[in-house]
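Input: a single structure, listed below in structure tokens.
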Amino acid sequence: MAGLISCSDDESGKTPVHNPLANPADGPPAGNPGASYPIPAIATPEDVSTPDQVIGNGTPESCTGQLVVDAIAKGGKIIFDCGSEPITITLPETARIFNDASDEVVIDGGGLVTLSGGGVRRILYMNTCDQDLNWTTSHCQDQDHPRLTVQNITFADGNSVSEIEYSGGGAIWARGGRLKVVNCRFFNNICASTGPDLGGGAIRVFDQFQDQPVYIVNSTFGGAEGYGNSGSNGGAISSIGVSWTIINSLFSHNTAVGNGGNPAEAGTPGGGSGGAIYNDGNHMTLSIFGSLIEQNEVNAYGAAIFFVSNNHTGNIVIDQSTIRNNIGGSWYPVYPDISMHADTDIAVTNSEITD
């Protein structure tokens, strides 16, 4: 445990967040049970009291995968009316977010909806630099829209193994604009199992607007045996040049199954780093607050976290969090389970980091 640092955030800007998946009827809950780290207003759920689209008319049968795909293509604020019981909706194809459909896209499952890739396809794809999704600016790698929020929803059985050009991200692949994840669960999502510098069993992210962070709040990746996500690197999440702020979340039973690291060692396919989190690039921050990272596993480096800033400018901040009982890996210059350069700026307060 490291020495204390002060927190300069204005507590008046923090907002309580209702989490409808805190005690779900099925599967592990969303978020780190009992955690109560203050959540800034920017990281809270979006208001969907006046939705642009409602999927379903009150019955499970009215909520089809094709309706979900069609609604997401149109954008706006999307909610579900599928009855009062939990429902799994398997998509017939990957849902795509079009850059010119809506600046704001919110997908709110109300705590009852699971979107599934059926074990054969990625669930959700956003890419401001993909011309098939319509370019809207001359600087696609740094634009403020679409601003995508997924909230109160579960992503399960996504599979991007067959994706070649935009690999990784079994559940969600996002580039450009903004991404926010609140009160969500990610179960059994997978991406390519080998290769250096690719991964994100659940989520893969690039190029957030003005290098603002991806917020992950009250969310669970895995959470119990049989629910974990898997990829070559970053069993749960992976990114290049992206900052993350992770609050009151749980990462467990995720696996980085590649072999040989990055660059790949001779005779190996590469990968196997970051059991939970794989963070690579420059000028990035990984902030972990009120979160638990445990029982993730790797073959190469970073049983819990792999964080490499190529120009040694990035930093890690960990507060009121626990990192423990992760499995495998090497290259731990400062803390167990965290692979990083020895000179990486890391501040750890009120936290436990153990083998």
Side-chain angles (χ1 to χ4, degrees), residues 42-43 46 72-76 94-107 122-150 158 160 163-182 191-192 195-216 231-234 236-246 262-263 271 273-274 277-287 306-316 344:
I42 193 174
E46 296 298 313
I72 291 173
K74 294 177 183 176
T94 298
R96 302 194 299 167
I97 292 174
F98 286 85
N99 301 312
D100 58 350
S102 174
D103 286 355
E104 204 83 35
V105 181
V106 181
I107 305 169
R122 177 185 287 144
I123 299 169
L124 186 59
Y125 172 63
M126 179 176 84
N127 188 349
T128 54
C129 291
D130 185 343
Q131 292 188 0
D132 289 341
L133 300 179
N134 305 329
W135 277 12
T136 56
T137 73
S138 59
H139 44 87
C140 65
Q141 76 284 356
D142 186 29
Q143 63 182 64
D144 71 343
H145 63 279
R147 295 179 293 278
L148 169 64
T149 300
V150 292
S160 66
E163 299 288 344
I164 303 300
E165 185 175 5
Y166 302 112
S167 61
I172 299 174
W173 198 102
R175 179 180 185 181
R178 295 297 308 278
L179 172 64
K180 179 169 66 173
V181 178
V182 185
C191 66
D197 215 14
L198 62 84
I203 302 177
R204 174 81 155 168
V205 184
F206 295 85
D207 294 337
Q208 294 291 280
F209 174 59
Q210 294 184 345
D211 295 328
Q212 297 179 63
V214 175
Y215 284 98
I216 305 287
S232 181
N233 300 283
I237 63 176
S238 169
S239 62
I240 304 294
V242 170
S243 293
W244 299 79
T245 297
I246 298 168
N262 177 31
S273 296
I277 299 168
Y278 183 89
N279 214 177
D280 197 0
N282 295 318
H283 305 292
M284 63 204 181
T285 293
L286 174 62
S287 300
F306 179 89
F307 182 97
V308 171
S309 174
N310 299 323
N311 63 1
H312 296 244
T313 59
N315 69 291
I316 302 172
T344 293

Check the pair N233 / N262 against side-chain contact (heavy atoms from CB on, under 4.5 Å), numbers first and verdict last. CA-CA 10 Å; N233 300 283; N262 177 31; 5.8 Å; no
Report the C-alpha distance between M284 and V242 in whole Å, list the side-chain angles of each, state the deciding distance to 0.1 Å, and finish with yes or no for side-chain contact (heavy atoms from CB on, under 4.5 Å). CA-CA 6 Å; M284 63 204 181; V242 170; over 6 Å; no
Please assess L148 against K180 for the test side-chain contact (heavy atoms from CB on, under 4.5 Å), listing each intermediate value before the final yes or no. CA-CA 6 Å; L148 169 64; K180 179 169 66 173; over 6 Å; no
Given V181 and I203, is the side-chain contact (heavy atoms from CB on, under 4.5 Å) satisfied, shown in steps? CA-CA 10 Å; V181 178; I203 302 177; 4.2 Å; yes
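When the options N127, L133, D130 are evaluated for a side chain to side chain contact (heavy atoms under 4.5 Å, CB included) with N99, the one that passes is L133.
The two atoms that bring F306 and S273 nearest to each other are CD1-CB, 3.7 Å, heavy atoms only. Of all non-hydrogen atoms in P146 and F98, the two that sit nearest each other are CG-O, 4.3 Å. Residue G200 comes nearest to S238 through the heavy atom pair N-CB, 3.3 Å, listed as atom of the first residue, atom of the second, then distance. L179 and Q208 get closest at one heavy-atom pair: N-OE1, 2.8 Å. Taking all atoms of both residues into account, the shortest heavy-atom contact from A101 to K74 is CB-O, 3.5 Å. Considering every non-hydrogen atom in both T128 and W135, the closest pair reads O-CD1, 3.4 Å.
One finds the OG atom of S239 at 8.0 Å from the CG atom of D280 (value rounded to the nearest 0.5 Å). For the atom pair CD1 (I172) and CG (L124), the distance works out to 5.5 Å, reported to the nearest 0.5 Å. For the atom pair SG (C191) and CZ (R204), the distance works out to 8.0 Å, reported to the nearest 0.5 Å. Here the CG-NE2 distance, from D207 to H139, works out to 12.5 Å after rounding to the nearest 0.5 Å. Note that OG1 of T149 and CD of E104 are 6.0 Å apart. Values are rounded to the nearest 0.5 Å.
The backbone N or O of G168 lies less than 3.5 Å from a partner atom in the side chain of S160, making a donor-acceptor pair. Side chain of D142 to backbone of Q210: a donor-acceptor contact under 3.5 angstrom is found. Not a single donor-acceptor pair under 3.5 Å links the side chain of S243 to the backbone N or O of Q212. Using a distance-only test at 3.5 Å, with no hydrogens or angles considered, no donor-acceptor pair links the side chain of N134 to the main chain of D100.
Taking the six-membered ring where the residue is Trp, the centroids of Y215 and W244 are separated by 6.0 Å or more.
Annotation: side chain of R175 is in contact with side chain of Q141 (closest heavy-atom distance under 4.5 Å). At a threshold of 4.5 Å between non-hydrogen side-chain atoms, the residues E163 and W173 do not count as touching. In this structure, the side chains of D103 and R147 come closer than 4.5 Å at one or more pairs of heavy atoms. By the 4.5 Å heavy-atom criterion applied to side chains, E46 and V182 are not counted as neighbours. Counting heavy atoms from C-beta outward, I316 and T285 have side chains that stay 4.5 Å or more apart. Between N279 and I240 there is no side-chain heavy-atom pair separated by less than 4.5 Å.
When only modelled atom types and interatomic distance are considered, S309 and N311 share a side-chain donor-acceptor pair under 3.5 Å. Neither side chain, R122 nor T94, offers a donor N or O lying under 3.5 Å from an acceptor on the other. For the 3.5 Å distance criterion, the side chains of H312 and T344 fail to qualify, holding no donor opposite an acceptor. Under the 3.5 Å distance criterion, with hydrogens and angles disregarded, a donor-acceptor pair is assigned to the side chains of T137 and Q143.
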